[in-house]
Protein chains: 4
Amino acid sequence: MGVKERKALERQNRKNQILDAARKLLFSSGIDSVSINKISKQAELGVGTIYFYFKNKEQIFTALQEEGLTLLYSIIFKISETKAPHEEKLRQIALSYYNFSQEHKNYFDLINYFLTTPKVFFEPDLKNQIDMSGNKILLIIQNIVAEGSEQKVFKEKDPQKFSILFWGALHGLTHFKKFEKTILGNQNLEEIYEFSVQRLIYSIK
Amino acid sequence: MGVKERKALERQNRKNQILDAARKLLFSSGIDSVSINKISKQAELGVGTIYFYFKNKEQIFTALQEEGLTLLYSIIFKISETKAPHEEKLRQIALSYYNFSQEHKNYFDLINYFLTTPKVFFEPDLKNQIDMSGNKILLIIQNIVAEGSEQKVFKEKDPQKFSILFWGALHGLTHFKKFEKTILGNQNLEEIYEFSVQRLIYSIK
Amino acid sequence: MGVKERKALERQNRKNQILDAARKLLFSSGIDSVSINKISKQAELGVGTIYFYFKNKEQIFTALQEEGLTLLYSIIFKISETKAPHEEKLRQIALSYYNFSQEHKNYFDLINYFLTTPKVFFEPDLKNQIDMSGNKILLIIQNIVAEGSEQKVFKEKDPQKFSILFWGALHGLTHFKKFEKTILGNQNLEEIYEFSVQRLIYSIK
Amino acid sequence: MGVKERKALERQNRKNQILDAARKLLFSSGIDSVSINKISKQAELGVGTIYFYFKNKEQIFTALQEEGLTLLYSIIFKISETKAPHEEKLRQIALSYYNFSQEHKNYFDLINYFLTTPKVFFEPDLKNQIDMSGNKILLIIQNIVAEGSEQKVFKEKDPQKFSILFWGALHGLTHFKKFEKTILGNQNLEEIYEFSVQRLIYSIK
DNA sequence: CATGAATGAGCATTCATTCAT
DNA sequence: TATGAATGAATGCTCATTCAT
C-alpha cells in the first residue's frame with residue numbers, strides 16, 4: 001500500500017471517528033444537542049481537528065443524513081428484490097417508511113431538518129449529494145411501478161410522477177403523527193396510513 | 001366606552017404591536033432569527049413587556065401560526081362556499097394550498113416548524129389550540145367529500161380518512177419543491193402536483 | 001365598631017391575604033421561587049397593592065420569618081411550661097429545635113437567610129423586630145437555666161451566656177446536616193446532636 | 001521546560017486570573033453580585049473563556065471556598081503544631097476561628113453560603129471536595145482531643161463527636177454577631193465566645 | 001385604595017468558528 | 001495534521017420596583 005492510499009485510509013478513519021461520535025450524540029440526546037464541542041469531546045479529538053475534516057456542522061449533519069438515507073435505501077432495496085408481487089412491494093415499502101420514521105426517529109428528524117429548514121444558503125455540492133441519495137430511493141419505487149405497468153399489473157403511464165406522489169403522500173402523512181391525540185381523534189395514524197397506501201395503489205390498478 | 005373595554009382594547013393593541021414586530025422579523029429573516037430580544041427591540045418595548053403579554057416565545061409563534069392557519073382557512077373556506085362542483089372544489093383547494101406554500105412561505109415555514117420540530121415540551125393547551133385550527137381546515141375537505149359521496153358524485157365511504165390522505169399528500173408534495181432542480185429533473189413541481197390532485201380525486205370517483 | 005377600627009381590620013386582612021399567598025409559595029417551591037409577581041398572582045391582587053401593604057420583599061420575608069419564630073417559640077414555650085425537670089426541659093427544647101429545622105425546613109431556611117445574608121443595608125426597625133422574636137426564645141432557655149441554678153439543680157452562674165452557647169451550639173450543629181454523608185461518615189447527625197446536648201447540660205450540672 | 005509543562009502552567013495562570021477576578025468582586029461587593037459576566041469583564045476575558053476553565057459558576061465558588069478553607073486550615077494547623085498544652089491549643093483554635101470569621105468575612109460568607117443555601121443541585125464531586133477540606137480541619141481538632149485523652153489531660157471517649165460539637169458550637173456562635181446590639185445587650189460576642197470555649201473545654205477535662 | 005402595565009438590566013450558559021502554535 | 005484556547009454575541013427568561021390612572 002502506497003503512502004497515498006494509507007493517507008486516504010487514515011483520513012477516512014478519522015472521518016468515521018468523528019461521525020461515530022456525532023451519531024452517538026444524535027441518538028442519545030437528539031438533534032438539538034449535537035454541537036461541535038460535544039462531538040470533539042466524544043471523539044476525543046480537538047475541535048480544530050473536526051473542522052479539518054468537515055467544513056462545518058452542516059456537513060456532519062449531511063453525512064449523518066446520508067447514513068439515514070442509505071439505511072432507508074437498503075431497507076427498501078431489499079423489499080424491491082423480493083419475489084413479492086408489485087403491489088405487495090409497494091405496500092411493504094410504504095409500511096417500512098412509516099416504521100423507519102418511528103424506529104429511526106433521529107435519522108428521520110435529520111431528514112426533516114434538511115427538508116424543512118428555510119435556510120437559503122446551502123452549498124450546491126452538499127445539496128446535490130443529499131438529493132441524489134433521495135433520488136435512489138425514488139427510483140426504486142419508480143421502477144416497481146414501471147415494471148408493473150409493463151407487465152400490465154398496473155396501468156400507470158407516468159411512473160415517475162406517480163412515485164413522487166406516492167412518496168410525497170407517505171412523507172406528508174408521517175407528519176400527522178403529531179395530531180394523533182387531537183385531529184385524528186380515536187383513530188391512530190397507522191390505520192390511516194394503511195388506508196392511504198391502499199388507495200394509492202388502487203388508483204393505479 | 002367604559003374603562004374595562006378601553007383596557008381590553010389597549011391590551012389587544014399591544015399584543016398586536018408585539019405580533020407585528022415578530023411577524024416582521026419572521027418575514028424578513030426567517031424563523032431562526034426571531035428572538036425575544038429582537039422582537040422587543042423591533043416593537044420598541046422592554047423584553048419584560050413582551051413577557052407580560054405572552055407567556056413565552058412559543059406562545060408568540062403559536063399566535064403567528066394561527067394567523068397563518070386562519071388565512072389559509074379563509075382561502076379554503078371561500079372555495080368551499082362557491083357553487084363549483086365538488087370535484088372542482090377539491091382541485092381548487094389543492095391548488096390554493098400549493099399557492100399558499102409559495103406565496104405565504106413564512107407562514108408555511110412556521111407551520112412546518114411546528115410540524116417537524118422534535119421538541120416535545122409543548123404545552124398541551126397551545127398544542128390543542130393549533131391543532132384545532134388545522135382541524136377546521138380538514139373538516140372543510142371532509143365535508144366536501146362527504147357531501148359529494150352523498151350525492152353520488154364520489155364513492156368514498158370514509159371521508160375523514162380520505163381528507164387526511166388528501167391533505168397529507170398535498171402537504172408532503174410541497175416539500176419536494178426543494179428537489180425541483182435535482183430529483184424532479186426537467187419537470188416542475190406544479191405539474192406533478194396537479195397530476196397528484198387528479199389522481200387523488202380520481203380515486204374516489 | 002368605628003370607621004377607624006374597621007379600616008385597621010381590613011388592613012390586617014389584606015396583609016394576611018398577602019402573607020397567605022407568600023407562605024403558600026414558600027412552602028410549595030422554596031424560598032428562591034417567592035417573587036412579588038408570583039405572590040400577587042397567588043393572592044389575586046395587583047403588584048401595586050402588595051407594595052402598598054409591604055414596603056418591599058424583605059418585609060414580607062420578615063413577616064414570614066416571624067411566623068416561623070413564633071411557631072418555634074410556641075413549641076419551646078409549651079415545653080417550658082411542663083412539669084418536667086429542668087434538665088429534661090433543656091433536652092426537649094434542644095430536640096425540638098432539631099425537629100423544627102427538619103420539619104419546618106422552609107421557615108428554617110428563611111431564618112438562615114436573614115442570619116447569613118451579608119447584605120449591609122437592613123432597616124433598623126426590621127432588624128430589631130426580628131431580633132426580639134429571637135430574644136423571646138432565648139429568654140425561655142435562660143429562665144430555665146436560671147431557675148435551675150436557683151434550685152441548685154444547675155450550677156450555672158451566668159444563665160444568659162450559657163443560653164447563648166446552648167442555642168448557638170444547637171444552631172451551628174443543624175448546619176452540619178449537609179455533612180451527613182461525608183464528614184460525619186457512618187454517624188447520623190441526630191446522634192451527634194444528642195451527644196452534644198448531653199454534654200452541654202452535663203457541663204452545668 | 002517542555003511544551004506540556006508550559007501549557008499546564010499557562011492553564012493554571014488563567015485559572016488564577018479568573019479566580020483573582022472573582023475574588024476581587026466577591027470582596028468588593030459581596031457574594032450576591034458575583035456573576036459570570038462580571039467576572040469575565042473584571043478578568044478581561046470572554047465569558048466563553050471562563051466556561052472553558054470552569055464548568056460553571058458553582059465551581060468557581062467552590063475554588064474560592066477552598067481557598068478560604070485552606071487559609072483557615074493553615075492557621076489552625078500552625079496552632080496544632082505548637083508546643084502549647086492541648087487545652088491551650090483548643091482555645092487558640094477557637095479564637096482563631098472567631099478571628100477568621102471577622103477578618104476574612106468574605107471567605108466566611110462564602111462558607112456560610114454553601115452551608116445554608118437550600119439549593120440541592122450541587123454536583124457530588126464538588127460537594128465532596130469541599131467537605132473534605134472541612135474534614136481536614138475537623139481532624140485537627142479531633143486529634144488534639146484524642147491525644148489529650150490518651151495523655152489523660154482530657155477524659156473524652158469520643159473525640160470525633162466532641163470535635164463536631166466543638167466546631168459546630170463555635171460556628172453557630174459566630175452567627176450571633178448580628179445580635180450584638182440587640183439580643184446580646186451590653187455584652188459583646190467575643191466575651192460570650194470565650195466563655196463558651198471555656199465551658200466546652202472544661203466539659204472534657 | 002387598588003391596579004397592572006412597563007421596565008431593562010441582569011442571569012447562567014451555549015455555540016460555531018477561528019487561528020496561532 | 002492536530003490542537004485547544006479564545007471569543008462574545010446570542011439565547012429565553014425573571015425580577016423588584018415604579019407610577020400614572
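Residue numbers begin at 1 in each chain, while the letters A, B, ... track the order of the sequences. None of these values were measured; they are calculated from a predicted model. The figures that follow rest on heavy atoms only: side chains count, while hydrogens, waters and symmetry mates do not.
In terms of phosphate contacts, C:K7 brings a side-chain nitrogen or oxygen within less than 4.0 Å of OP1 or OP2 of E:dC1. For the OP1/OP2 pair of F:dT11 and a distance below 4.0 Å, the side-chain nitrogens and oxygens of B:K57 include no atom meeting the criterion. Distances shown here put a side-chain N or O of C:R14 below 4.0 Å from the OP1 or OP2 atom of E:dA2. For A:T49 and F:dT3, the shortest distance from a side-chain N or O to OP1 or OP2 is below 4.0 Å. Residue B:S35 places at least one side-chain N or O under 4.0 Å from the OP1 or OP2 atom of F:dT11.
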Review item, nucleotides 18-21 of chain F N/O atoms under 3.5 Å of protein N/O:
none

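Taking the side-chain contact (heavy atoms from CB on, under 4.5 Å) definition, one finds that A:H175 meets it with A:N112, A:H171, B:L115, B:T116, B:H171, B:H175, sequence neighbours left out.
When rounded to the nearest whole Å, the span between CZ of B:F54 and P of F:dT14 equals 16 Å. Rounded to whole angstrom, the span from the CG atom of C:L25 across to the C1' atom of F:dC15 amounts to 14 Å. Atom CZ of B:F61 is separated from atom C1' of F:dG12 by 11 Å (rounded to the nearest Å). A:E10 has its CD atom 13 Å from the C1' atom of F:dA2, to the nearest Å. When rounded to the nearest whole Å, the span between OH of D:Y53 and P of E:dA12 equals 21 Å. Rounding to whole angstrom units, CD1 of residue B:I60 and C1' of F:dC13 are separated by 12 Å. Protein atom CD of D:Q59 is 15 Å distant from nucleotide atom P of E:dA12, rounded to whole Å. The CD1-C1' distance, from B:I50 to E:dG4, rounds to 17 Å in whole Å.
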The test is salt bridge (Lys or Arg N to Asp or Glu O under 4.0 Å); show your working for D:K105 and D:D109 and say whether it passes. CA-CA 6 Å; D:K105 191 175 177 319; D:D109 283 348; 3.1 Å; yes

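Between B:I36 and B:I60 there is a side-chain heavy-atom pair separated by less than 4.5 Å. Side-chain contact between A:L19 and A:F54: present, with at least one pair of heavy atoms (C-beta onward) separated by less than 4.5 Å.
Panel note: side chain D:Q17, backbone D:A43; a donor-acceptor pair is recorded below 3.5 Å. In terms of modelled atom types and a separation under 3.5 Å, the side chain of A:K178 and the main chain of B:K127 share no donor-acceptor contact. When atom types are taken as modelled, the side chain of C:T49 and the backbone of C:L45 share no donor-acceptor pair closer than 3.5 angstrom.
The minimum heavy-atom distance linking B:A21 with B:Q42 is given by the pair CB-CG, 3.4 Å.
Side-chain atoms of B:N37 stay outside donor-acceptor range of the base of F:dA10, with no qualifying N/O pair under 3.5 Å.
Between C:F52 and D:N56, the residue anchored closer to the 5' end of DNA chain E is C:F52, taking for each the nucleotide with the nearest heavy atom. Between B:I36 and C:V34, the one whose closest nucleotide on DNA chain F sits nearer the 5' end is B:I36.
Each of A:F27, A:F61, A:F114 was checked for a ring-ring contact (aromatic ring centres under 6.0 Å, His included) with A:Y107, and the lone residue meeting it is A:F27.
Crowding of C:K57 atom NZ: a count of heavy atoms from other residues, nucleotides or ligands under 6.0 Å exceeding 12.
Heavy atoms of D:K41 sit nowhere under 4.0 angstrom from any nucleic acid atom.
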Give the dot-bracket string for DNA chain E, reading 5' to 3', where a pair is Watson-Crick or G-U wobble with both distances under 3.5 Å, ( ) marks pairs inside the strand, [ ] marks pairs crossing earlier ones, | marks a partner on another strand, and . marks unpaired. .||||||||||||||||||||

